[in-house]
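Beneath this line is the structure, given in structure tokens, with notes to follow.
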Amino acid sequence: MEKLDNKHLALYEAKGGIVGVDGSTNRVGGAYPHFVEVFQGLAKSTLINEDPIYMADIHSPLFSDIPKNILEEDAKKEKERETKNRLLSDIEVKVALEAAKKYKPYGIIMDGSLIRYYIYSYDLWMELRNECEERGIILLGVIKDIKTTIIGEILGEVYPEFKINAYDRELLFGILDYGEVIVIEDEVNSKKESGYSSVFMRSSLSPTVIGMDIIDSQKPYLEEMSRLVFTLTPENSRGVPLWLDLVDKEVQISDAIMKNLLERYLDRDIYERFFVSERARRTL
Amino acid sequence: MKVVGITTQQEVFVGSRTRNFRINEFIIIEDPQQKELMGEVVEAHTFNRYIPLNIGGDFIDNSVLESLKSLGYNIDEETIYIGKVRLLNEALYPVLTGSDIRLPKFHEVKDLMIKATKEEGLVLGTIRNTDDMAVEMDQEFQNLLYTYEDEGLCQQREIPFILDLKSMHQYPHIGVFGGSGSGKSFGLRVLLEELMQHNIPTIVLDPHFEMDFSETASYFEDKTLDFTDRFKCLQVGYHVGVKFQDLSAQDLKNLLDAASNITDAMNNAVDVLFKNRDSFQSFYNRLRMLIEAQEEGSLDKIENRIREADNEEERKAWIERRELYLSYDKTCPYSSVRGIMWRLKRLDNEGIFSKDIREIEEGLQSGKLIVVQGNTRILQVFSTYLLNNLYHKRRDYKDSLYKNTVTDYFPPFIVVTDEAHNFAPKGYNSPSKSILKEISQEGRKYGVFLILATQRPTLLDETITAQLNTKFIFRTVRASDIQTIKEETDLTVEETRRLPYLRTGDVFISSASMGRTIFARIRAAITSSPHTENPFDELKNKEKEDEEKFMNIIKDKLPIMETDLIQLISEIEKEFNITFTKDTLEDRLKILSQKGLISREETIFGYRYIMSNDE
Ligand SMILES: Nc1ncnc2c1ncn2[C@@H]1O[C@H](COP(=O)(O)OP(=O)(O)O)[C@@H](O)[C@H]1O
Ligand SMILES: [Mg+2]
């Protein structure tokens with residue numbers, strides 16, 4: 001696969017630039033349920049440097065509506081994990097939606113598989129999908145850690161005696177050449193029914209392979225988008241396009257910021273009571 | 001532009017996305033809970049959280065950044081500018097983070113920056129990084145000077161630095177420190193030009209023979225100011241010297257000591273041998289005859305000489321020697337007298353005793369700048385005598401006013417010297433040091449001021465350093481000198497850290513009269529030093545000159561056979577009165593041929609030098 005030249009990229013610029021979307025979470029406090037979790041999403045356009053789109057949400061199990069029942073502790077934790085995934089995915093889709101409306105970009109690159117949004121934020125996701133299809137904005141997900149087992153499964157069918165039990169990431173490690181792409185036939189793609197088409201690509205000199213999802217209606221753009229991702233990925237990186245790395249850096253909520261925010265906006269007494277763990281207090 | 005981060009009552013950080021802060025810039029903080037606060041930027045940083053970009057330890061290749069640029073994203077725009085600001089006056093409370101900041105107007109900083117008008121002070125340069133405020137500056141402060149920058153002569157764009165002359169009465173002495181090539185001499189030149197314009201009587205000790213003001217600097221096309229009538233260069237031993245009759249025993253001992261250190265025995269001997277109102281000749285003769293007598297070895301032998309004298313004259317002479325021998329031989333050992341004699345002759349050979357200082361006094365009386373030139377050693381000797389003399393004249397005059405007696409008028413004056421550590425060294429005594437010390441401690445009372453420049457402040461006498469109330473500090477690299485500057489000035493940590501990196505001609509001016517340190521650029525001097533030739537250029541030029549001379553000599557002798565060199569040497573000797581040895585002549589021919597000025601070819605008889613082909 002060839003990298004895109006600057007003229008081609010300038011065309012994207014003219015058509016609204018590229019938006020990167022990422023989210024992050026951080027928590028302060030002690031052991032469950034005495035903590036506060038903050039979620040932050042960021043959509044940043046290559047074109048408009050001023051006011052990137054930030055959104056944030058906050059959650060604490062102390063104030064969650066899950067019924068308190070000591071006996072159901074484990075189930076509750078499971079629920080909490082789900083809530084967390086939902087909130088993070090929600091916030092990412094929300095900023096993407098806002099970006100689609102506000103920036104009208106050529107494409108939006110999300111950090112991570114698009115399947116997450118389908119699972120955790122179905123309604124919002126459908127809204128974003130429709131918006132992008134209507135406006136002709138290409139939606140792409142870039143996956144650092146491929147969790148699928150598509151290749152392993154097919155190999156398993158062909159050679160049942162090998163009992164292959166590995167992620168695609170592991171099977172493809174070091175197999176692809178720099179810039180080489182594997183297109184996954186929709187018939188074998190487990191994500192197909194959720195409405196996605198996917199490829200694997202070795203986008204940097206590092207032997208790791210990344211994945212990309214695109215919504216099925218935009219499948220014709222998959223090759224073009226792969227080239228874009230390839231172009232924007234530094235050859236000495238772990239394979240993530242630089243733009244997503246920048247967005248990732250900016251969306252992180254540092255511990256210092258968390259602490260500052262909470263200290264500033266919560267009553268000191270409450271803050272101490274709930275969010276300073278015994279251990280932290282002792283070392284104070 | 002806003003206040004960011006943690007603040008105190010003395011210091012804050014300010015940040016901007018668009019404006020780069022500059023060191024020594026003034027800003028005003030609009031703290032909503034306090035009145036406006038003025039501060040000075042003491043450190044400036046730019047920061048880009050993505051540069052250097054580094055993912056997994058490796059730097060990003062540029063092509064990706066280029067690609068992003070094509071997509072409309074310029075990573076440079078992520079740069080933010082951060083300044084550390086020190087408040088001029090402590091605030092009542094820590095400054096509110098998030099307060100707006102703005103640049104001050106000229107009238108808001110005028111009192112801080114300008115202490116005198118051009119009529120009342122010395123226009124020495126511009127205050128760096130004040131161009132924004134200078135825009136609305138009063139007419140009277142505009143176009144006072146030029147600066148000389150990399151791009152050539154520049155019009156004044158910043159607020160001028162004007163050293164208040166009258167404040168010298170309160171803060172009398174000035175130190176000029178800085179490493180070699182930092183702009184000290186140039187700065188002194190500017191200072192002296194200003195003193196001349198104000199007709200201030202000034203003595204300059206110039207060991208480098210560089211303080212001549214007759215040449216206009218090359219960057220000024222037409223003569224802007226003529227200093228010819230305002231200064232005079234006088235060389236010790238040639239134009240000026242010591243009037244022997246005016247010397248006290250102490251003066252003489254100082255002089256002798258400066259010629260070469262004297263022993264205690266010599267010291268005593270001078271006390272015994274020197275008579276008030278002695279002329280050089282009378283003192284010299286006394287020494288000479290005493291030595292001759294002592295060389296006879298004993299009184300008996302001298303008596304012999306008297307008895308066997310050929311004529312009356314000789315007899316008288318030996319009688320005289322006998323008298324001297326009887327009076328002084330016991331107290332003045334032969335070796336001491338010899339030592340004094342040797343030193344006296346040395347001083348005399350340098351011409352010190354053949355002139356006097358009248359021309360200097362007259363110059364000062366008429367408000368001129370007098371440049372006294374000589375090598376360092378002779379200046380040490382002469383200045384001791386000169387400064388003692390002038391200082392006491394001025395002191396006597398002032399005292400007589402006080403006591404209501406009559407003494408001739410003598411004006412206040414300024415003493416300026418480069419390489420001051422040679423005149424007032426730390427750690428050991430030197431005659432010129434005591435008078436400089438005296439002036440540094442009491443000069444103020446009598447209106448006698450010092451301007452001392454040195455590249456080694458560490459080697460300058462510390463009592464004197466402590467008396468220098470205004471200090472000009474140019475680029476300084478040597479750690480020990482930076483340490484001294486730290487101890488002797490109120491430069492901040494940030495400022496001392498910058499010392500090794502200052503541009504030539506940029507200077508911190510730490511002055512009690514300003515109450516704070518000012519970062520300035522010395523203006524372009526109107527005149528230039530007579531020998532601005534780079535020493536390496538000088539060597540080159542000299543070499544070229546020699547080459548041409550040699551070429552002229554041998555041109556008509558070509559072709560030259562290697563075997564004929566001896567013959568050639570005697571020819572040259574006859575015609576040009578220059579003698580070569582065979583080796584030097586051969587060497588020089590070889591060098592010329594290496595440079596292609598002549599050609600050297602091999603023949604069966606040896607080498608032959610001929611005219612170069614391209615001539
Ligand atoms: N303020 C100035 N503006 C422009 N050039 C300067 C300035 N100060 C010094 N220079 C240049 O730098 C050179 C070295 O300066 P100089 O005063 O001789 O250094 P120092 O006496 O400290 O060894 C000078 O020849 C002069 O050309
Ligand atoms: Mg010098």
Side-chain angles (χ1 to χ4, degrees), chain A residues 2-20 44-52 103 105-107 109 144 203-206 208 227-252 254 256-257 260 264, chain B residues 1-8 11-21 31-33 45-82 84 93-101:
Chain A
E2 294 281 306
K3 298 200 173 190
L4 296 172
D5 62 19
N6 286 346
K7 267 190 243 140
H8 199 119
L9 294 168
L11 211 68
Y12 291 162
E13 188 209 345
K15 287 180 178 170
I18 302 293
V19 167
K44 185 176 163 81
S45 160
T46 56
L47 216 52
I48 300 135
N49 204 20
E50 292 89 56
D51 75 294
Y103 299 149
Y106 182 75
I109 303 179
K144 287 189 277 266
S203 54
S204 73
L205 294 176
S206 142
T208 51
R227 288 183 68 188
L228 175 65
V229 168
F230 184 45
T231 310
L232 292 184
T233 304
E235 56 181 27
N236 290 314
S237 69
R238 291 153 306 133
V240 185
L242 180 59
W243 191 241
L244 279 186
D245 252 326
L246 294 186
V247 177
D248 174 71
K249 271 201 181 162
E250 269 180 58
V251 77
Q252 296 302 333
S254 72
I257 293 179
N260 233 322
R264 191 173 282 194
Chain B
M1 298 193 288
K2 281 197 184 307
V3 174
V4 297
I6 294 175
T7 68
T8 67
E11 273 179 4
V12 303
F13 286 93
V14 294
S16 167
R17 269 190 166 278
T18 51
R19 189 177 190 286
N20 210 343
F21 295 101
D31 185 329
Q33 292 172 3
H45 305 273
T46 69
F47 173 69
N48 189 317
R49 57 189 149 164
Y50 298 131
I51 301 178
L53 264 180
N54 161 342
I55 290 175
D58 283 313
F59 293 121
I60 297 301
D61 38 313
N62 252 333
S63 69
V64 174
L65 292 180
E66 280 304 309
S67 300
L68 278 177
K69 212 174 234 170
S70 302
L71 279 171
Y73 176 74
N74 185 354
I75 199 151
D76 295 338
E77 285 165 18
E78 296 287 351
T79 299
I80 50 176
Y81 304 100
I82 294 178
K84 181 169 164 188
Y93 312 99
V95 177
L96 203 64
T97 302
S99 298
D100 282 324
I101 55 181

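Below, read A as the first sequence line, B as the second, and so on, with proteins coming before strands; counting in each chain starts at 1. What you see below is based on every heavy atom in this structure, not just the backbone, and it leaves out hydrogens, waters and symmetry mates.
The greatest number of non-hydrogen atom pairs below 4.5 Å with chain B, out of A/Leu47, A/Ile18, A/Asn6, is found for A/Asn6.
For the side chain to side chain contact (heavy atoms under 4.5 Å, CB included) with B/Ser70, the lone residue among A/Leu9, A/Asp5, A/Leu11 that qualifies is A/Leu9. Under the side chain to side chain contact (heavy atoms under 4.5 Å, CB included) rule, B/Ser67 has a single partner from A/Leu4, A/Thr233, A/Thr231, A/Leu242, which is A/Thr231.
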